[in-house]
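Report on one structure; see the data block that follows.
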Amino acid sequence: MSVRDRLAHAVSDVVAAIAVRDGVDLSVDPEAVHLERPARREHGDWSTNVAMVMAKDAGTNPRALAASLVEALAAAPPAHVTSVEIAGPGFINFRLDDGWLHDSLADLLAEGEVDYARPDVGHGERVQVEFISANPTGPIHVGNGWWGSYGDSLARVLARAGHRVSREYYVNDTGGQIRTLGASVLARHHGEEVPEGGYQGEYVTELAAVYDGPDDVTVAGRWAADRILDHIRATLASVGIVFDEWYSQASVEESGAVDETIDLLAEKGLVFEQDGATWFRASELGDSRDRVLRKSNGDATYLAGDLAYHRDKFLVRGFDRVIDVFGADHHGQVASLVAGVRALGVEPGRLEVKLGQMVSLVDGDEVVKMGKRAGNAISLDSLVADIGPDATRILSLMSSLDQATTFDLAAVREQSAENPVFYVQMASARIGGVGRKAAERGVVRAPLAGVDLSLLTHERELDLIRCLEELPEVVADAAVDRAPTKVTAWVRRLAGCFHGFYHDCPILAEDVDPGLAQARLWLVEGTRIGLAIGLGLLGVSAPEAM
RNA sequence: GCCCUCGUAGCUCAGCGGAUAGAGCACCGGCCUCCGGAGCCGGUGGCGCAGGUUCGAGUCCUGCCGGGGGCGCCA
């Protein structure tokens with residue numbers, strides 16, 4: 001059991017004892033005990049606010065309750081605890097000896113890269129994360145890559161935190177846009193101008209040059225979409241984004257699921273006919289207006305397909321939870337989708353829609369806005385070619401999804417200091433360097449069992465271990481909050497702690513005690529493990545040399 | 001007009017309802033007999049406005065101001 005868990009149980013036990021003594025109804029689940037590392041070191045190593053939270057129920061004031069709890073805790077202090085005090089409005093602060101850090105480092109090393117920081121907050125919940133799902137009518141742009149990084153890293157985080165995750169890309173391979181794409185390709189194929197509202201890009205001309213199918217807009221459109229999709233797949237793979245499923249909208253429509261879904265809604269009295277079209281009474285379920293499901297020409301609308309698709313996710317494939325990641329420019333469809341999913345009998349909480357705010361690129365004087373519909377958006381390919389896959393990934397995971405961001409491409413490209421990937425990867429390279437130097441000097445890391453980690457007493461060493469110790473909680477928080485950027489923040493913090501340690505604590509210098517050198521080598525290994533886990537969640541490589 | 005979303009340092013961004021709001025860049029000043037100085041250490045500088053909830057609000061609620069997005073028988 002971790003030190004943190006021991007503290008949580010101790011607090012929980014003491015609360016229960018006080019409740020019995022005072023005859024009040026108090027209880028606190030050890031899982032729910034709010035323990036945190038105080039922002040200020042003088043407030044101790046760990047702190048809890050239970051007294052403030054529970055004072056009202058206990059019929060007393062926070063400091064009085066805290067006093068009772070502290071007395072009981074001090075009478076039988078948990079392992080490593082050297083003092084328990086009340087502070088401020090009723091915080092209970094714990095001070096621990098450094099042994100708790102050495103224990104936690106030993107735990108990390110024993111568990112290793114595979115098992116460390118694998119908090120089970122998901123309890124096996126089956127989660128589908130759907131993201132990007134950009135129309136296969138052209139290359140994907142930077143905004144897609146941005147939100148795609150989020151979706152991919154969120155999936156990685158959820159998987160590490162005990163969820164069974166499936167990543168899905170919904171392929172909009174049907175409908176008017178595919179016919180428009182086909183018409184554009186055919187026009188170019190015949191050496192003509194692309195029709196009004198068609199796709200103008202260079203890629204259309206290139207595809208047209210090799211097209212040898214019939215003069216049918218649907219056939220040509222499908223053909224082109226397949227090619228474009230291959231390209232998209234390759235682009236995403238280049239930044240480490242992979243999917244478990246590429247789900248075809250055409251397959252949904254051709255399976256008859258759309259009709260079944262409309263029938264299902266009709267059975268619930270939520271469908272009506274008007275002006276030759278079939279409508280969904282979305283306004284009765286929170287949407288701002290009713291929506292068309294089937295147009296007067298007989299075609300299903302995008303919404304009808306999307307509802308059939310979500311019905312498939314929840315009711316056919318049986319995901320416990322679905323997280324859809326959309327660009328903010330698609331938020332207009334959220335209310336209809338939520339209304340439809342509710343109408344299909346799915347508890348609203350099982351569908352989460354995360355909206356990615358717009359991302360702006362500045363490159364010198366040029367400002368580029370990115371959005372699904374932005375014709376001038378730069379492609380993800382060109383960005384990756386420009387700054388590299390690792391920088392692309394980490395930059396996109398620096399800011400939260402719901403923060404509209406701007407970043408200066410020129411700065412990232414030209415001033416390496418502006419680029420956090422160097423700072424983090426340099427830590428990785430330095431770790432690699434230590435290994436190479438040790439090998440060069442014939443220094444071998446001794447088995448952990450024979451190494452005294454308690455020799456690690458330098459403030460830099462202890463700070464580094466403190467940081468490593470946070471990782472399981474960071475992963476848990478990132479999963480619960482759907483916020484992979486928390487991992488980014490942690491990785492940068494870890495790199496900072498490592499650089500500080502590296503600067504002040506020589507490992508292989510002549511005058512370093514061999515026992516201390518061994519402990520430091522293990523600390524370096526622990527850092528390597530932590531970095532590997534963190535960067536792995538971000539989809540960023542951890543190079544051994546730069 | 002209605003709906004969504006955002007507003008934190010000069011700039012780009014972090015900040016599960018907790019104690020004296022953090023980084024990076026920029027600017028100023030220190031550190032290379034030493035395992036990678038793409039590094040380390042120090043300094044300057046901030047929660048759009050007004051109410052409310054709370055023991056406690058950058059964080060939750062309401063209004064206002066400002067930016068972005070959306071309100072199709074397009075996808």
Side-chain angles (χ1 to χ4, degrees), chain A residues 34 36 38-40 42-43 47 49 52-53 55-56 61-63 87-91 93 135 137 172 174-178 180 197 249 274-279 287-289 291-297 299 301-303 305-306 327-335 355 357-358 360 362 369 371-373 395 398-400 402-408 411 415-420 422-423 425-427 429-438 440-441 443 460 473 476-477 480-481 483 485-486 488-489 492-493 496 499-500 502-512 520 524 545-546:
Chain A
H34 187 128
E36 63 180 19
R40 309 186 65 78
E42 58 264 36
H43 290 141
S47 172
N49 64 353
M52 290 181 285
V53 173
K56 193 167 281 181
N61 67 68
R63 286 192 64 102
F91 287 101
N93 294 338
N135 297 338
T137 51
N172 297 168
T174 182
Q177 55 175 349
I178 294 298
T180 302
Q249 181 178 5
Q274 185 180 306
D275 302 332
T278 304
W279 294 69
D287 200 354
S288 56
R289 48 166 292 183
R291 305 283 172 177
V292 172
L293 292 171
R294 189 171 294 290
K295 307 179 213 172
S296 49
N297 70 2
D299 286 351
T301 59
Y302 180 82
L303 174 64
D306 211 16
D329 52 346
H330 280 56
H331 99 258
Q333 70 197 57
V334 174
L355 294 177
Q357 291 300 306
M358 292 305 184
S360 306
V362 180
K369 257 185 207 173
K372 293 258 187 187
R373 297 290 163 121
L395 283 169
M398 290 267 290
S399 56
S400 67
D402 48 10
Q403 170 79 21
T405 64
T406 304
F407 83 94
D408 189 342
Q415 293 174 272
S416 58
E418 183 83 20
N419 187 335
F422 289 106
Y423 185 78
Q425 292 192 326
M426 185 187 171
R430 279 178 154 177
I431 289 170
V434 170
R436 285 189 292 277
K437 189 62 75 174
E440 200 176 287
R441 297 188 185 175
V443 177
R460 297 288 209 174
E473 222 172 317
D477 286 348
V480 170
D481 296 342
T485 54
K486 295 193 173 193
T488 316
R492 298 177 73 199
R493 234 182 300 141
H499 287 310
Y502 185 87
H503 185 266
D504 287 352
C505 301
I507 301 162
L508 300 168
E510 302 268 328
D511 57 346
V512 176
R520 286 178 173 169
V524 170
M546 286 172 72

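All figures in this text were calculated on a predicted structure; none of them were measured in a lab. The analysis underlying the following values was restricted to heavy atoms, covering all of them including side chains, and did not include hydrogens, waters or symmetry mates.
- Two residues, A:Leu303 and A:Ala489, neighbour RNA chain B, and the one matched to the more 5' nucleotide by heavy-atom proximity is A:Ala489.
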Set out, in order, the CA-CA distance, both residues' side-chain angles and the distance that settles side chain to side chain contact (heavy atoms under 4.5 Å, CB included) for A:Gln333 and A:Leu303, then state yes or no. CA-CA 8 Å; A:Gln333 70 197 57; A:Leu303 174 64; over 6 Å; no
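- Scanning atom types as modelled, one donor and one acceptor separated by under 3.5 angstrom connect the side chain of A:Ser47 and the base of B:A19.
- Anti is the conformation of B:C34, whose glycosidic angle sits further than 90° from 0.
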Taking only Watson-Crick and G-U wobble pairs with both distances under 3.5 Å, what dot-bracket line describes RNA chain B, where [ ] shows pairs that cross earlier ones and | shows pairs with another strand? (((((((..((((....[...)))).(((((.......)))))....(((((..]....))))))))))))....
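- B:A21 and B:G30 have their P atoms separated by 29 Å, given to the nearest Å.
- A donor-acceptor contact under 3.5 angstrom links the side chains of A:His499 and A:Arg430, judged on distance only.
- Stacking here means ring centres nearer than 5.5 Å and ring planes tilted less than 30 degrees, and by that measure A:Phe91 does not stack onto B:G18.
- Of the C1' atoms belonging to B:G43 and B:G36, the separation is 28 Å, rounded to the nearest Å.
- Checked against B:C40, B:G36, B:A75, the side chain of A:His499 finds its nearest nucleotide in B:C40.
- Remark: the separation of the P atoms in B:G29 and B:C65 is 46 Å, to the nearest Å.
- For B:C40, one of the phosphate oxygens OP1 or OP2 lies less than 4.0 angstrom from a side-chain nitrogen or oxygen of A:Tyr423.
- A donor-acceptor pair under 3.5 Å links the side-chain atoms of A:Thr301 to the main chain of A:Leu293, judged by distance alone.
- A side-chain donor-acceptor contact under 3.5 Å links A:Arg520 to the backbone of A:Pro506.
- For B:A75, its base never sits under 3.5 Å from the side chain of A:Asp329 at any donor and acceptor pair.
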N/O to N/O distances under 3.5 Å, protein versus nucleotides 5-9 of chain B:
from	atom 1	to	atom 2	distance (Å)
B:U5	O2'	A:Gln357	OE1	3.4
B:U5	O2'	A:Gln357	NE2	3.0

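- Evaluation of the side chain to side chain donor-acceptor pair (under 3.5 Å) rule for A:Glu510 yields no partner, not counting sequence neighbours.
- The side chain of A:Arg289 has B:G72 as its nearest neighbour among B:A38, B:U20, B:G72.
- For the C1' atom pair drawn from B:C60 and B:G15, the interatomic distance equals 16 Å after rounding to whole Å.
- Going from atom OG of A:Ser296 over to atom CD of A:Gln274 covers 11.5 Å, rounded to the nearest 0.5 Å.
- Checking the phosphate oxygens (OP1, OP2) of B:G39, no side-chain nitrogen or oxygen of A:Arg460 falls inside 4.0 Å.
- Here the side chain of A:Ser399 is nearest to one of B:A75, B:C73, B:C13, namely B:C13.
- Taking atom P in both B:G22 and B:C28, the straight-line distance is 25 Å, to the nearest Å.
- Residue A:Lys486 places at least one side-chain N or O under 4.0 Å from the OP1 or OP2 atom of B:C16.
- Residues satisfying the salt bridge (Lys or Arg N to Asp or Glu O under 4.0 Å) criterion with A:Arg294, sequence neighbours excluded, are A:Asp259.
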Protein N or O to nucleotides 32-35 of chain B N or O, pairs below 3.5 Å:
from	atom 1	to	atom 2	distance (Å)
B:C35	O2	A:Ile507	N	3.4
B:C35	O2	A:Leu508	N	3.1
B:C35	N3	A:Ile507	N	3.1
B:C35	N4	A:Tyr502	O	2.5
B:C35	N4	A:Cys505	O	2.9

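- Side-chain atoms of A:Thr405 stay outside donor-acceptor range of the base of B:C13, with no qualifying N/O pair under 3.5 Å.
- Atom CZ of A:Arg40 is separated from atom C1' of B:A21 by 11 Å (rounded to the nearest Å).
- Closest to the side chain of A:Thr406, out of B:A19, B:C13, B:A75, is B:C13.
- Residue A:Thr137 places no side-chain N or O under 4.0 Å from the OP1 or OP2 atom of B:A75.
- The residue from A:Asn135, A:Asn172, A:Thr137 that alone fulfils the side-chain hydrogen bond (donor to acceptor under 3.5 Å, both in side chains) condition with A:Gln177 is A:Asn135.
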Shorter than 3.5 Å, N or O on both sides, protein versus nucleotides 52-60 of chain B: list them out with atom names.
from	atom 1	to	atom 2	distance (Å)
B:C55	OP1	A:Lys56	NZ	2.8

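- Of the side-chain N and O atoms in A:Lys295, one or more sit less than 4.0 angstrom from OP1 or OP2 of B:A75.
- Atom CD1 of residue A:Ile507 and atom NZ of residue A:Lys437 lie 12.5 Å apart, to the nearest 0.5 angstrom.
- Here the nucleotide nearest the side chain of A:Trp279, chosen from B:A19, B:C73, B:A38, is B:C73.
- Remark: ring of A:His331 does not overlap the six-membered base ring of B:G70 in a stacked fashion, as centroids less than 5.5 Å apart with planes less than 30° apart are not both met.
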